[in-house]
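Heads up: the structure comes next, in structure tokens.
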Amino acid sequence: MNFTLAEEQEMLKKMARDFLADKCPKTLVKEVQADAKGCSPELWQEMAGLGWMGLVLPEKFGGSAMSFLDLAVLLEEMGRAALPGPFISTVVTGALPILEFGTDEQKQKYLPGISEGKTIFTLALTEPGGNPNDDLGSISVKASPDRDGYVINGIKLFVPDAHIADFLLCFARTDEQAAVKNGHNGLTAFILDVKSPGISKAVLKTIGSDKLCEVVFDNLRVPKENILGKLNQGRDLYQKMMPQAAVAKSCIILGSIQQMLEMTVAYAKERVQYDKPIGSFQVIQHYCANMATDVDGLRFAVYQAAWKLSEGLPCLQEAAIAKVWANEAFGRVSTLAHQIHGAIGVTIDHDLQFYTKQGAAAALSFGSSDGWREAVAWEMGL
Amino acid sequence: MNFTLAEEQEMLKKMARDFLADKCPKTLVKEVQADAKGCSPELWQEMAGLGWMGLVLPEKFGGSAMSFLDLAVLLEEMGRAALPGPFISTVVTGALPILEFGTDEQKQKYLPGISEGKTIFTLALTEPGGNPNDDLGSISVKASPDRDGYVINGIKLFVPDAHIADFLLCFARTDEQAAVKNGHNGLTAFILDVKSPGISKAVLKTIGSDKLCEVVFDNLRVPKENILGKLNQGRDLYQKMMPQAAVAKSCIILGSIQQMLEMTVAYAKERVQYDKPIGSFQVIQHYCANMATDVDGLRFAVYQAAWKLSEGLPCLQEAAIAKVWANEAFGRVSTLAHQIHGAIGVTIDHDLQFYTKQGAAAALSFGSSDGWREAVAWEMGL
Amino acid sequence: MDFKFTEEQEKFRKEVRDFLEAEIKAGTFQPSCDAWIQGYSPEFTKKVSKKGWIGLTWPKEYGGQGRSHIDRLILTEEMLRYGAPAACHWFADRQIGGGILRYGSEEQKRTILPKIMAGEAYVGLGLSEPEAGSDLASLRTKATESGDYYIIDGQKMWTSCGVFMNHIYMVARTDPNLATPKHRGISEFIFETSLPGITITPTIDITGSTAWAEVFFDGVKIPKTAMIGEKNRGFYQVVNQLDYERAGLERLMGNYPLFDAIIKFVKETKWGNNYISKDPLVRQKLAQLRTEFEIGRLLTYRVVMVMEEGKAPNVEAAMAKQYSTGFEQHLASLSMEILGEYGQLMAESKYAPILGMAPHSFLGSKGYSLQAGSTEVLRGVIATRGLGLPA
Amino acid sequence: MDFKFTEEQEKFRKEVRDFLEAEIKAGTFQPSCDAWIQGYSPEFTKKVSKKGWIGLTWPKEYGGQGRSHIDRLILTEEMLRYGAPAACHWFADRQIGGGILRYGSEEQKRTILPKIMAGEAYVGLGLSEPEAGSDLASLRTKATESGDYYIIDGQKMWTSCGVFMNHIYMVARTDPNLATPKHRGISEFIFETSLPGITITPTIDITGSTAWAEVFFDGVKIPKTAMIGEKNRGFYQVVNQLDYERAGLERLMGNYPLFDAIIKFVKETKWGNNYISKDPLVRQKLAQLRTEFEIGRLLTYRVVMVMEEGKAPNVEAAMAKQYSTGFEQHLASLSMEILGEYGQLMAESKYAPILGMAPHSFLGSKGYSLQAGSTEVLRGVIATRGLGLPA
């Protein structure tokens, strides 16, 4: 039992913080958000040079074989810097599933490119009009057997960074029969090359300026070898991946609210109204105390889940709790941060807005609070 | 549009407040709560003498033909005084349904006795193990035709004041067949004389010291004439009565939290810590401001619903909103009242406890917050 | 107690509704959130003026309609319900006209009120400054006497209606020696923004909109007749006007079009096999919002009852405003939550449900509890002035 | 970071669990809420003493086990989970022993600690007074020097363990001249309650229980050796001890037996045709409580990590305590709500589900956020000491 980061993690954290403070100022964030790509290729390459994309990959694939916990440290700093770009898409919903479920050939084919920052992956899971608390069961994109492979048709929604991705990890229905009994059956994960004919992408406009896309498959052909994991067993991959994705987003929120807390406390010390710093008003003090409690509580919840992921222990409950609390803590902390900042905090020129928007987007991604609470209920045996 | 009480209502309010301050001190409340009867017969007679039981009854039945709005004024004061006894049972779930649904004979038989304070009525609706959000649909107490009447068997729960009541208004199933389609069909309301053989009662022990009872019917015979309203149409009576009962309980809660607010503000002005009245601390001020907002909001919600009832307008939504808000406002106000009172407020000798207990009991009576919110959703067309 | 409107009032409501529905049909506007504060439409304001609906409660002798505050409540309720673009006249109608009637000279009443009622004077509110937010009395903009003129120097922030106003109503320090207590020595002014020395810079807010502005005064020369009320007593006047600023339904219904839209959306949309409205969790959330809304409506109606009695709506307005902005924020965040991933999609986006109103309002509503008296200031008013707790 | 216990720690946990389950089976106690503060059982305390579990972390040279704070965390977690009647030794084990080790004389360590560890000294806490609640430094009970003795006069309120204590640990004013600032001139004492001049009157709380007491001192003569630490520096000592008072899992798990019971109840009970646990609203509520509980557990574990580093758990304890008591209150009120009308039924009643724990705890939990530092005091600690905001 130990609630502090290891020395190497502290180093990683400091290095990431310093690097991002230097290379990812808010001017860049603003620029990148406004840009169609939603990513700075130069920064992406520098991050790859620091080994971030390969952080959790084995050395033979160009990685540094570090743990999910180490990755969490890095993600928290990314949240703190409001870093835009396809990092979670590529690493958490790309590299990790390949590492876990890929064949040797697949690993060899995709992972080194990811480590080097040359390959961008993303996840195509959700579909329009599906039940938001059951992405998997709502899948109707179909992969029909065709000669040596499959033909894919349908529409995916909320696919992050699809417009700049090289590959999509796409869940599609391969056995309609199996779905009759349970919609989670008969699904398969495919690695799709976005250069193939039959894919079109359109970027949606979002609150967080994340580049979420609509992706339309029109008779897209994919060879059999591009199945990731087992045919019709896509659910296994999904169940492994979703807690990781939820924890990754929770790390982003943690970084966001930690930064909001620090900005707010600093402002409360310096802003004078009624002839004293507003931080000397009892109500403002209690607001700050509540924010700090939320931030600390979330920190431990997130790191507990990340630690369990690192150890390969079952962690659906811990991941669910982390995401529920991330969403709730974000709501409360951002409300109080704005309340204390007053009007200055609701201008486009104030940094607070980056975190409000990033946090709101992260809270709505990879499962709602209600959905994750339902997972907690399930784990409680309810 | 007018949000103030009429002059006569102000007079009624003042009279009730003065009377109860004089005749229903907390020493009496404590005594009555501890007593098996849960009611002071002397006080009950005095209240009858003031015309309270007959307040909303026509003059020919010994009443004063006042409105539900007037009754609400009175109920609020009863809540403020933490008055124990079967007033709501008798007037709201006894006299009002009889007035609305009774035959001339029934009105003549029961209402004058109620006005005079001689007759105590109560409601036997809920049953053990039923769906708490569907009392009506959960009824399994059966009334089987038998010669000139019915034989009733089964168990009712949470029957207020059954141990001292003269009559029960009891919902029972008279048409099993009709229930197949919809559990709300095939129910009938009966007026049961508790002196009849075949009834046994046991008082339950409750947080509010209300005398809620288990009532067991064992081949109780009831003549046909004792049906209130139409055979198999008990639902109509229920739908008319429930909003009235919910608003009545909301009045009790309103009186409770108004009193809690006043006690708390007075205490905050007088209690000194850190060399100043605690009411000068900003956090305590905001707590009090929040309490006041809840009290005022509830007041208008309750009186709006009561006014609609007075006018005979549809008011399911307004009644539901009043009860939801009563429950929620009670939770917040009581929490803050205790927090400001500090330790002294959690002793049995402090008056705050009467309101905490009375409010908690009222919040759990006549429908849960979730259930009433569902009614609001229904009214919204969801 | 009486919770219904009279027949004439209901008739008036219908008249307003019919007018607004016809305008929507005619394409004058599309219902949108915050239109009362951001919706710039001289055309619409002119039409409202023609109906006699600006200055509805003002005395007939000055060209007003002399109607009740309840009529104005009905009018504003419908304007807000339909999200009508009323920003050009809203501020003048709400608090400037009343301020002039209370504190202005006969000449001011005769000259300014008609321009407002004609829908020609768009009056912005110049109160906040960089160092004077909740603590308005800390303002530094000064008005220096010089013959028959005052020379204004300084800066205002968050001037409502700032980008399209042609008049500004503002407060400035007229006596630097009267700085203790600092709320003395402040006076109120109204003048045209076409005067030389005024620079207006739009403020871009968190949603990207530019409804507010910074206003810079550099030696702006205004005639002494621009002063409203008594010299050096402006703070006492403005405090009263602020009560009116926070008294209305715009603090509850600023994002009402979102509420209507989300209810309609869940009723009409299926996710998976079921209408969203059948999800018990969604039902609870919307019913809770409906309940909270109703409480806010009643608290705000009460404010109008107080005004109708001829009293200044102080504690009652504070209570209604701090409660109601909380509701609006809850509405926005629950709407986003109900929409789930779709809650991220902004107006311009493909697939954006209900015109992207939910995320837009989530951002926009952050300011609701800061404007016109922060929630913290208002709770202080309730506690000290309302409950008599020691200040 | 490492979120698991070592094998030895897990073994120890199992040992504690086995012990407690055996005791339950043997009928020594029934799990109940608040048993750590209200559960009087000399028999149980003797058994815990025999296991060496009182003074677990104290140095071996004084008869303690010299074990880690994590071991004590495990021990207390299981005691609380099983609702074990540990009140006779809880306070002494938690903060009195530590206080004596830190501030006491060698003789006090040699005489008092063994009695505590033997499960024989039941030490009550005499801090609050009628005029001294959150503002402890306002205390008026005085200790007047008289030769080799102090004479104690005054009154304590809410003395934990008051009705069954045989020792009292208390603070009194030893120098009336050092009243500015008023937290000077206060000293700490420990002595037996059998001394003449002590009157103990149980306080009946809102639930009807009598775990606390008023203690009156009327010329109570105690030897000077009863003073702990330095004369007139008692306030500084007690502030440190308060950190320990609020540092533990009893602030999160005081009503844990209710949590276990309500979960079991909804799983096993049908209302109408369905198990209660299948109601989506119930599922959300319980999952929310589970989530909140986990956050509280982590915040409290962190406090123990701080102690394990040899630091006083100040801000961290304040944070965990004010958060966790909020959870406990939420647990109680949501449990009542889930039980609906059944939520009114008290333990003794027919039909009462889960032994009436929900309404009992609803009432009892009102005090949680007041004891051992009110939520308001603790948020102040977080803000000023933790975040450095100006005091």
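A note on names: the letters A, B, ... follow the listed sequences, proteins ahead of strands, and every chain is numbered from 1.
- Heavy atoms closer than 4.5 Å to chain C are found in both the backbone and the side chain of A:Asp275.
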Verify side chain to side chain contact (heavy atoms under 4.5 Å, CB included) between A:Thr347 and C:Trp158, making sure each step is shown before the conclusion. CA-CA 10 Å; A:Thr347 57; C:Trp158 294 106; 3.3 Å; yes
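- Interface summary for chain C: among A:Thr206, A:Asn133, A:Asn131, the most heavy-atom pairs under 4.5 angstrom belong to A:Thr206.
- In this structure, CE on C:Met346 lies 8.5 Å from OG on A:Ser209, to the nearest 0.5 angstrom.
- Taking CD1 from C:Ile206 and CG from A:Asp349, the interatomic distance works out to 11.5 Å, rounded to the nearest 0.5 Å.
- Interatomic distance, C:Leu345 CG to A:Ile207 CD1, rounded to the nearest 0.5 Å: 10.5 Å.
- Comparing C:Glu337, C:Lys270, C:Lys285 by how many heavy-atom pairs each has under 4.5 Å with chain A, the most go to C:Lys285.
- To the nearest 0.5 Å, atom CD of residue C:Glu341 and atom CG of residue A:Leu157 are 8.0 Å apart.
- For A:Tyr287, the part sitting under 4.5 Å from any heavy atom of chain C is the side chain, from C-beta outward, and nothing else.
- Contact count against chain C (heavy-atom pairs under 4.5 Å) is highest for A:Ala361 among A:Ala361, A:Ala363, A:Ser368.
- Only the side chain of C:Phe362 comes within contact range of chain A, with at least one heavy atom under 4.5 Å from a heavy atom of that chain.
- At most 12 non-hydrogen atoms from other residues, nucleotides or ligands lie less than 6.0 angstrom from NZ of A:Lys142.
- Looking at A:Leu212, only its side chain comes within 4.5 Å of chain C, counting heavy atoms on both sides.
- Taking CZ of A:Arg271 as the reference point, atom CD of C:Glu131 lies at 6.0 Å (rounded to 0.5 Å).
- Across C:Ser134 and A:Gln273, no two heavy atoms sit closer than the pair N-OE1, 3.2 Å.
- Interface remark: A:Val283 contributes side-chain atoms only to the contact with chain C (heavy atom separation under 4.5 Å).
- In this structure, the salt bridge (Lys or Arg N to Asp or Glu O under 4.0 Å) partners of A:Lys156, at least two apart in sequence or on a different chain, are A:Glu127.
- At a 4.5 Å heavy-atom cutoff, the contact between C:Ala132 and chain A is made by backbone atoms alone.
- When the shell of 6.0 Å around NZ of C:Lys267 is examined, it contains more than 12 heavy atoms from other residues, nucleotides or ligands.
- With chain C as partner, the option from A:Ala360, A:Gly208, A:Ala343, A:Ser138 having the largest number of non-hydrogen pairs under 4.5 angstrom is A:Ala343.
- With a 4.5 angstrom heavy-atom cutoff, C:Leu363 touches chain A only via side-chain atoms.
- Between the CD1 atom of A:Ile348 and the OG1 atom of C:Thr210 there is a distance of 11.0 Å, given to the nearest 0.5 Å.
- Counting only N and O atoms by type, the side chains of C:Gln329 and A:Thr335 include no donor and acceptor under 3.5 Å apart.
- Ranked by heavy-atom pairs under 4.5 Å with chain A, the list C:Lys350, C:Met157, C:Arg379 is led by C:Lys350.
- No more than 12 heavy atoms of other residues, nucleotides or ligands lie within 6.0 Å of NZ in C:Lys264, so this atom counts as exposed by the packing criterion.
- When the heavy atoms of residues 367-377 of chain C are compared with those of chain A, the residues falling under 4.5 Å are C:Gly367, C:Ser369, C:Leu370, C:Ser374, C:Thr375, C:Glu376, C:Val377, listed by number.
- In this structure, A:Leu204 and C:Ser349 approach most closely via the heavy-atom pair CB-OG, 3.3 Å.
- Closest approach of A:Pro128 and C:Tyr342 over heavy atoms only: CA-OH, 3.3 Å.
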